[in-house]
Structures are given as structure tokens and as C-alpha cells.
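A short worksheet on the structure shown next.
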Amino acid sequence: MHDIKFIRENPEAFDAAMQRRGKQPQSSSLLQMDSERREVQTELQTLQAERNEASKKIGEIKKAGGDAQEAMDAVAALKEKMGELEERERTIANSLNQHLAGLPNIMADDVPDGADEDENVEVHKWGEPKGDKTPEHYEIGEALGMMDAETAAKMSGSRFTLLSGGLARLERALGMFFLDMHTQEHGYTEVSPPLMIKDDAMFGTGQLPKFADDQFRTTRDDWLLPTSEVPLTNIVSGEIVDEDYLPRRYTAFTPCFRQEAGAAGKDTRGMIRQHQFYKVELVSVTAPEESEAEHERMLGCAEAVLKKLELPFRTVVLCSGDTGFGARKTFDIEVWLPGQGRYREISSCSNCWDFQARRMNARTRPKGEKQTRFVHTLNGSGVAVGRALIAVIENYYDPADGGIFIPEVLKPYMGGIEKITKEQAQSEAA
RNA sequence: GGACAGAUGGCAGAGUGGUUGAAUGCACCGGUCUUGAAAACCGGCAAGGGUUUAUAGCCCUUCCAGGGUUCGAAUCCCUGUCUGUCCGCCA
């Protein structure tokens with residue numbers, strides 16, 4: 001959500017910022033609504049002042065036992081005009097707010113210009129991709145008998161997968177491992193949030209009103225969370241957080257639900273793009289001047305888990321055309337998938353600045369000061385569990401027998417086994 | 001799902017139609033006292049908006065939200081949301 005005052009004072013800067021988002025200049029129409037609103041407001045307030053004054057007098061006359069009829073008639077005459085102005089003010093204000101709520105965040109100056117993901121700029125690279133092409137994860141999983149899209153489709157339709165045996169456990173192991181890293185080594189507080197979310201909270205993080213089509217809705221008009229960014233960030237909605245308690249760092253391991261409405265035909269095979277997937281999310285709430293450093297820190301936390309898994313990755317800063325609605329700046333981490341022979345997104349870390357905080361009215365008050373200010377919010381995947389599973393399957397694939405080696409750090413979570421194999425699946429089935 | 005109760009400033013909590021934007025306590029800020037601190041005492045302390053060179057003044061709005069009654073609403077009426085308690089059902 002944008003601050004109309006900022007737009008009033010910096011109309012050119014605002015238009016330039018929207019232009020980077022591929023939007024027409026907005027300020028003149030916004031400011032016209034704004035000045036019209038203020039005009040109506042001033043007029044209305046003059047009448048309200050008159051009414052208040054007269055009402056006070058009526059009270060005094062009545063108290064003294066006099067006849068206030070004349071004064072009462074005078075006030076009654078004001079009412080019609082006031083009702084009209086109130087109605088106009090409400091209409092203009094609603095329209096202004098709707099426009100403001102639909103505009104994306106202003107991007108940071110160091111976000112590179114670019115049209116789409118091809119123009120993202122690499123900032124880190126870690127690990128050496130193995131040259132050998134492997135089968136894709138779903139080929140490996142199906143061959144093992146532990147990844148079954150058909151059975152999932154039977155009960156749930158397309159874009160669902162049923163995992164079993166070693167792969168089901170591997171998914172769980174990844175989630176546990178990420179959570180333990182972030183809580184024990186990175187200082188995040190583990191949260192187990194609700195998965196059904198109300199309109200207001202979805203508005204707060206920016207999924208509404210523009211992206212309703214990407215979400216699932218329940219029969220009681222809740223939304224299924226598309227990411228635990230929503231509940232984790234909304235922890236501070238409507239709050240005034242003591243600045244001594246910042247930064248706050250939350251993490252959660254939850255399913256995420258997405259329609260993938262705009263992705264028809266993309267990644268239709270396998271687990272890359274599903275209606276339901278697990279993700280470990282990181283959310284930070286910081287004082288305004290801390291958020292840029294926190295953004296780098298958060299990125300480091302996400303990269304750390306991939307390093308521990310020894311999965312090659314590269315990190316890019318998203319260009320202007322690829323940066324999401326609520327973000328001021330976003331890093332994506334892309335993990336190497338030997339089955340596809342390319343890097344694929346596994347984490348997205350965004351600094352939202354005060355954009356979400358304004359929408360959800362999340363503030364902080366420096367100690368001893370009267371004035372509150374909006375917090376900054378950040379979110380990042382730490383990392384997407386479903387895609388991490390794919391990466392492990394392909395990067396730890398053993399072409400000799402079609403099995404999957406267990407990464408060292410996951411062994412404690414896998415009952416100490418070294419490898420997932422087909423024999424294992426069969427013996428478990430037997 | 002049924003019944004009842006409630007929603008007031010950072011927090012707790014008064015306030016049932018007329019100088020109530022709101023008692024009181026806590027927290028916070030300034031001061032007196034003190035070597036310093038604590039205690040005690042004195043004073044201050046809501047937010048948003050309009051107007052404005054102004055963080056001065058003046059004005060408006062806000063006691064969950066939206067509508068209504070009234071010259072006038074925190075206070076009365078209706079609708080909605082949320083919270084709590086009890087009952088039912090239930091992992």
C-alpha cells in the first residue's frame with residue numbers, strides 16, 4: 001500500500017517507479033482524486049463545525065429551560081447537504097484506496113532493469129553442477145515405485161503427487177532438517193500457524209485483492225494459505241511492536257496451496273509445480289533501518305541449508321520485470337537440477353519494506369518516543385521442500401541401480417540409512 | 001451447532017443521550033528530592049486528517065465495523081465481524 005502523502009510530495013519519482021513496473025503514470029489521477037477528496041472533506045468539515053456549534057447551544061438553551069426550536073430547525077437544514085458530501089467523500093476515498101491497493105511496491109534503486117526472468121542478474125554461485133544428465137525426478141521416483149501421479153490424480157486430479165516409502169520420508173526429513181537449522185542455528189522461532197486465512201490477512205501481505213485467482217477458497221470463505229508468509233507476517237498485523245523486540249524472526253513448515261491458474265501447460269509432469277507442496281518459510285519483522293541487512297542475512301540462511309545438502313545453486317537478484325507485487329527487492333536461489341540440465345528456483349527472498357506493514361497496520365515505537373512508524377517485513381523460502389526433494393533425487397541419483405543416496409546431513413532424519421533403493425520399496429511393501 | 005456475555009487510549013479499566021476525546025491505575029516522558037538510583041511528590045502523555053511556512057493555532061473524524069434514531073450518540077436501535085464462557089459434537 002502506498003502513502004498518498006509520499007505521492008503528493010514526489011509525483012515524478014512515483015511515476016518513474018511505476019513505469020519500472022510497466023505501469024502508466026499514476027500520480028496525476030491519484031492526486032486528482034486526493035485533492036477532490038480533500039476539497040469535499042474541507043467543505044464537509046465546515047458544516048460539521050457549524051452543526052456542532054449549534055448543537056452545543058441547543059443543549060445550553062434546553063438546560064436553561066428555553067425554547068430551542070429555531071436553532072433546531074437551522075441544524076436540520078444543514079443535514080441534507082452534509083449527507084450528500086459524506087456520500088461523495090466516501091465514494092472518492094474508496095476509489096482512491098482501491099487504486100492504491102492495486103499498485104505494486106516501489107522497487108529498490110539497485111534492482112536491475114529487465115523484462116523477464118532472462119534478465120535477472122547472478123550474484124552468487126556455489127558448488128559445481130555435475131556434468132552427467134540424469135533422468136528427471138519423476139522418472140526416478142516412478143521407477144522406484146515411490147512417486148505416483150496416477151494414483152494421486154485418481155483421488156485429487158492433476159498437479160498432485162502421492163509419495164510413499166523412502167521418498168515420503170525424505171520429504172519429511174527435509175522439512176525437519178530445514179526447521180532445525182533455522183531454529184537452532186539461525187535464531188528463528190518455530191511457528192505452527194493456521195492454514196486457513198481470512199480476507200484481511202491475505203490483503204495485508206498483498207495476495208488480495210489482485211491475486212484471488214491464484215488461491216483456493218473454502219466453503220466458509222477462508223483462503224487456503226499459498227505460503228506461510230501470510231500467517232507469519234500477519235502475526236504483527238495491527239500491533240505496535242516494542243522496538244527492543246525487533247527483529248522478530250519466524251519460521252514454519254507448512255503445506256502451501258496454489259491454483260497455478262496462469263501456468264497451464266507449464267511443468268505439467270512431476271512435482272515442480274503442484275497445487276499442494278510443503279515449504280519451510282522464513283519471515284523477519286525489523287525496524288526500518290535494519291531491513292536491508294536482514295535481507296542479506298535471510299538469504300544467507302536459505303543458502304546455508306543448500307550448502308549443507310551440498311546442492312549446487314546460484315543466486316540471482318530479480319530484475320524489474322520479474323520482481324513480485326509486494327517486493328522492493330527479491331533474491332531467488334536456483335538449485336541445479338541435472339535431470340533438466342538447468343537451475344530452477346527453490347527459494348525467493350524478498351524485502352517488502354513498509355509495503356505490507358502499511359496494509360496490515362504493523363508499527364513499532366522506538367523506546368521513549370511518541371511517534372510510531374511502520375515496521376519492515378521480509379519473507380523467504382528456507383527452502384521449498386518439494387523442490388528440495390526433486391533436487392536431492394536428481395543430484396544424489398545413482399545410475400548404477402536407480403537409487404538415491406542420502407545426503408550426509410539427512411541421515412539422522414532417515415533412520416541412518418545410506419540410500420533409498422527399489423529393493424527397499426519392495427521389502428517395505430511385502 | 002445451541003445459549004449467554006463482551007469489544008473503550010500502549011495495557012488494565014470507568015463511563016447508558018448534551019463542554020466526555022473520555023475518570024482511575026499501570027507503563028512512558030519531564031521535573032523536585034537524592035552522591036546516584038529507588039520510593040515519594042508535581043506536571044505531561046491517544047491516533048488520523050484538513051487548513052497552514054509551521055512539529056504554533058483553528059477545525060474535523062475516531063470509544064470493533066457498517067447502517068439507523070436524534071438538534072446532539074462511547075452511551076439507544078438494526079446488521080455484521082471478532083473474542084470469551086457454558087452446553088452439544090469431536091481429533
Side-chain angles (χ1 to χ4, degrees), chain A residues 1-9 30-98 100-101 192-204 208-209 217-223 231 234-246 248 255 285 287 354 357-375:
Chain A
M1 187 68 128
H2 294 287
D3 182 5
I4 188 67
K5 245 194 269 175
F6 173 86
I7 300 172
R8 219 182 280 155
E9 285 158 17
L30 292 171
L31 290 180
Q32 197 188 328
M33 279 188 262
D34 177 50
S35 75
E36 196 179 339
R37 198 197 82 230
R38 281 148 70 199
E39 218 168 88
V40 173
Q41 192 177 15
T42 304
E43 200 178 335
L44 175 61
Q45 289 184 356
T46 309
L47 296 185
Q48 284 170 329
E50 272 178 53
R51 179 204 58 194
N52 291 347
E53 188 62 28
S55 291
K56 212 174 269 182
K57 267 195 202 121
I58 292 167
E60 282 161 15
I61 294 169
K62 288 206 161 179
K63 206 177 249 177
D67 176 14
Q69 192 54 46
E70 196 181 325
M72 283 163 69
D73 290 344
V75 175
L78 291 175
K79 286 187 75 177
E80 194 180 339
K81 183 75 179 158
M82 280 175 59
E84 233 171 77
L85 290 172
E86 275 170 21
E87 178 62 33
R88 263 182 73 201
E89 201 212 351
R90 200 176 311 133
T91 308
I92 299 166
N94 282 347
S95 160
L96 178 59
N97 285 335
Q98 259 173 38
L100 285 175
S192 175
L195 307 182
M196 293 193 284
I197 310 285
K198 292 192 300 180
D199 288 351
D200 286 352
M202 292 285 276
F203 177 85
L208 295 181
R217 197 150 206 204
T218 72
T219 52
R220 28 170 271 174
D221 291 342
D222 297 309
W223 303 89
N234 272 284
I235 290 173
V236 294
S237 75
E239 302 284 327
I240 299 175
V241 184
D242 195 326
E243 205 148 310
D244 289 349
Y245 291 112
L246 297 177
R248 291 199 182 178
V285 178
D354 62 359
R358 235 174 245 288
R359 290 173 157 251
M360 61 175 73
N361 196 25
R363 293 166 296 168
T364 180
R365 194 199 312 272
K367 201 155 181 60
E369 280 184 36
K370 278 172 67 178
Q371 199 62 34
T372 58
R373 47 192 193 148
F374 291 109
V375 297

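Please read all numbers here as calculations on a predicted model, not as lab measurements. By convention in this document, chain letters (A, B, ...) are assigned in the order of the sequence lines, proteins followed by strands, and residues within each chain are numbered from 1.
Between the CE atom of A:Met82 and the C1' atom of B:C71 there is a distance of 11 Å, given to the nearest Å. As a whole-Å value, the separation of A:Glu239 CD from B:C11 C1' is 12 Å. One atom, CD1 of A:Ile197, and another, P of B:U81, lie 18 Å apart when rounded to the nearest Å. The CG-C1' distance, from A:Leu78 to B:U70, rounds to 15 Å in whole Å. The nearest whole Å value for the distance from the CG atom in A:Leu44 to the C1' atom in B:U61 is 9 Å. Atom CZ in A:Arg373 sits roughly 18 Å away from atom C1' in B:A47 (whole-Å rounding). Taking atom CG of A:Asp222 as the reference point, atom P of B:U81 lies 12 Å away to the nearest angstrom. With rounding to whole Å, A:Glu53 atom CD is found 13 Å from B:G72 atom C1'.
Among the heavy atoms of the strands lying under 4.0 Å from A:Lys198 are primed sugar atoms or P, OP1, OP2 only; no base atom is included. At the heavy-atom level, A:Ala54 lies nowhere under 4.0 Å from the strands shown. Using a 4.0 Å heavy-atom cutoff across all strands shown, A:Ile240 reaches sugar-phosphate atoms only and no base atom.
Residue A:Asn52 has a polar side-chain atom (N or O) positioned under 4.0 Å from OP1 or OP2 of B:U61. For B:C71, neither phosphate oxygen OP1 nor OP2 lies less than 4.0 angstrom from any side-chain nitrogen or oxygen of A:Arg51. The phosphate of B:G72 (OP1 or OP2) has a side-chain N or O of A:Lys79 nearer than 4.0 angstrom. Between B:G67 and A:Arg90, a contact under 4.0 Å exists linking OP1 or OP2 to a side-chain N or O. Contact annotation: A:Arg8 side-chain N/O to B:G50 OP1/OP2 distance is under 4.0 Å.
Proximity of a side-chain donor or acceptor of A:Ser55 to a complementary backbone N or O of A:Arg51 within less than 3.5 Å is detected.
Residue A:Leu30 holds its CG atom at 11.0 Å from OG of A:Ser35, rounded to the nearest 0.5 Å. Here the CG atom belonging to A:Leu96 is positioned 8.0 Å from the CD1 atom belonging to A:Ile7, to the nearest 0.5 angstrom.
The same atom, C1', is picked in B:U8 and in B:A3; the two are 26 Å apart, to the nearest Å. One P atom belongs to B:G25, the other to B:C78, and the distance between them is 36 Å to the nearest Å. With both ends at atom P, the span from B:G67 to B:A14 equals 29 Å, rounded to whole Å. Atom name P, nucleotides B:U24 and B:C45: the rounded distance is 12 Å, in whole Å. The gap from the P atom of B:G6 to that of B:U62 amounts to 24 Å, rounded to the nearest Å. Atom C1' of B:A37 sits at a distance of 23 Å from the matching atom of B:G44, rounded to the whole Å. Spacing of C1' atoms, B:U53 relative to B:G66, comes out at 40 Å, to the nearest Å. Using C1' as the reference atom, B:U83 and B:G68 are 26 Å apart when rounded to the nearest Å.
The listed nucleotides are B:G18, B:U61, B:G49; the one nearest the side chain of A:Arg37 is B:G49. Distances were taken from every side-chain heavy atom of A:Ala49 (C-beta onward) to each of B:G50, B:U61, B:C59; the shortest belongs to B:C59.
Pairing of B:C86, defined by two Watson-Crick or G-U wobble distances under 3.5 Å, is identified with B:G2. When Watson-Crick and G-U wobble pairs are counted only if both distances are under 3.5 Å, B:U32 pairs with B:A40. Base pairing analysis places B:G9 opposite nothing; no Watson-Crick or G-U wobble pair with both distances below 3.5 Å involves it. For B:A91, there is no paired base (Watson-Crick or G-U wobble, both distances below 3.5 Å). With a cut-off of 3.5 Å on both pairing distances, the Watson-Crick or G-U wobble partner of B:G80 is B:C64. Across every strand in view, B:U52 sits unpaired, with no contact that passes the Watson-Crick or G-U test at under 3.5 angstrom. The partner of B:G17 is absent, by the rule that a Watson-Crick or G-U pair needs both atom distances under 3.5 Å. Pair assignment for B:U75: none, as no Watson-Crick or G-U wobble contacts are both less than 3.5 Å.
With A:Asp242 as the partner, the side chain to side chain contact (heavy atoms under 4.5 Å, CB included) test is satisfied by one option alone out of A:Asp244, A:Ile240, A:Leu246: A:Asp244. Each of A:Glu86, A:Glu87, A:Lys81, A:Met82 was checked for a side chain to side chain contact (heavy atoms under 4.5 Å, CB included) with A:Glu84, and the lone residue meeting it is A:Lys81.
If A:Asp73 and A:Gln41 are placed on RNA chain B by their nearest nucleotide, the residue sitting closer to the 5' end is A:Gln41. The residue among A:Thr46 and A:Gly59 whose nearest nucleotide of RNA chain B lies closer to the 5′ end is A:Gly59.
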* Asked: Can A:Arg373 and A:Arg363 be said to form a side-chain contact (heavy atoms from CB on, under 4.5 Å), step by step?
  -> CA-CA 5 Å; A:Arg373 47 192 193 148; A:Arg363 293 166 296 168; over 6 Å; no
* Can A:Glu36 and A:Arg88 be said to form a side-chain contact (heavy atoms from CB on, under 4.5 Å), step by step? -> CA-CA 10 Å; A:Glu36 196 179 339; A:Arg88 263 182 73 201; 4.1 Å; yes
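Using a cutoff of 4.0 Å between basic side-chain nitrogens and carboxylate oxygens, A:Lys5 and A:Asp3 are not scored as salt-bridged.
You'll find a donor-acceptor pair under 3.5 Å spanning the side chain of A:Gln45 and the base of B:G49, going by distance alone.
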